[in-house]
Amino acid sequence: AQKVTQAQTEISVVEKEDVTLDCVYETRDTTYYLFWYKQPPSGELVFLIRRNSFDEQNEISGRYSWNFQKSTSSFNFTITASQVVDSAVYFCALSRTNAGKSTFGDGTTLTVKP
Amino acid sequence: EPEVTQTPSHQVTQMGQEVILHCVPISNHLYFYWYRQILGQKVEFLVSFYNNEISEKSEIFDDQFSVERPDGSNFTLKIRSTKLEDSAMYFCASSATSGRIRETQYFGPGTRLLVL
């Protein structure tokens with residue numbers, strides 16, 4: 001069975017602070033994909049990143065960076081110099097290559113205060 | 001950029017009524033999905049659909065639910081007799097396929113269903 005744990009229910013930071021959102025996953029599959037999604041107050045799901053299990057290279061996209069550590073089954077997400085517009089619920093998700101079903105974590109609500 | 005669209009954006013219905021939620025996946029995608037999110041909770045997988053049949057479904061997807069691809073562009077989720085606990089945001093998603101590797105799932109904006 002697959003499981004995604006986002007231990008941080010809510011995080012509150014002040015604008016320009018860096019913040020890291022944790023994600024720990026469990027799977028017996030050797031091949032799998034990890035995702036991060038942003039859900040702003042408007043409710044839609046915005047895809048941020050996909051990472052497959054064979055690619056442990058960390059990725060940076062602007063103020064966003066992701067740290068994939070297979071040894072600890074973690075896929076953490078860091079926002080550098082946070083902005084008020086980053087306020088949202090962030091979901092980490094896991095899927096099997098040949099099944100398509102994504103298992104989501106409970107989400108972390110990030111509030112960035114001005 | 002191509003996107004998944006969903007209609008209606010909001011739907012209010014009476015308990016026991018049938019509802020059909022509509023989705024238009026990205027045109028060259030072959031895998032389709034429905035997820036739901038009860039208010040304040042996490043996103044839950046309902047069903048995946050490929051080649052005109054269900055690939056996988058969760059325990060939530062019972063006999064009250066059905067999916068259909070009535071034509072070449074639409075993908076629908078039907079709830080036969082709605083219950084109060086069906087109130088949720090329903091997300092449609094689609095993905096392309098490259099051999100046996102599925103590409104990223106792209107999500108629609110969601111339909112918020114309220115059952116009274």
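Order of the sequence lines fixes the chain letters, A, B, ..., with proteins taken first and strands second; residue numbering starts at 1 for each chain. Just so it is clear, the structure is predicted and the values come from calculations on it, not from any experiment.
- Between the side chain of A:Thr103 and the backbone N or O of A:Lys3, no donor-acceptor pair lies under 3.5 Å.
- With a 4.5 Å cut-off on non-hydrogen atoms, B:Glu44 does not touch chain A at all.
- A heavy-atom distance below 4.5 Å is not found between the side chains of B:Phe61 and B:Trp34.
- Heavy atoms of A:Gln39 lying under 4.5 Å from chain B belong exclusively to its side chain.
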Taking distance alone, no hydrogens or angles, what donor-acceptor pairs closer than 3.5 Å link side-chain atoms of residues 40-48 of chain A to residues at least two apart or in another chain?
{"unit_1": "A:Ser42", "atom_1": "OG", "unit_2": "A:Glu44", "atom_2": "OE1", "d": "2.5"}
{"unit_1": "A:Ser42", "atom_1": "OG", "unit_2": "A:Glu44", "atom_2": "OE2", "d": "3.3"}

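- A:Glu59 and A:Arg51 are joined by a salt bridge, as a carboxylate oxygen and a charged side-chain nitrogen come within less than 4.0 angstrom of each other.
- Scanning residues 80-93 of chain B against chain A with a 4.5 Å heavy-atom cutoff picks out B:Met89, B:Phe91, ordered by number.
- Counted by atom type alone, A:Tyr64 and A:Thr80 present zero donor-acceptor pairs between their side chains at under 3.5 Å.
- For residues 3-31 of chain A, the set of pairs meeting the ring pair (Phe, Tyr, Trp, His ring centres under 6.0 Å) definition, not counting sequence neighbours, comprises A:Tyr25-A:Tyr32.
- Here B:Phe107 pairs with A:Tyr37, B:Tyr35 under the ring pair (Phe, Tyr, Trp, His ring centres under 6.0 Å) rule; sequence neighbours left out.
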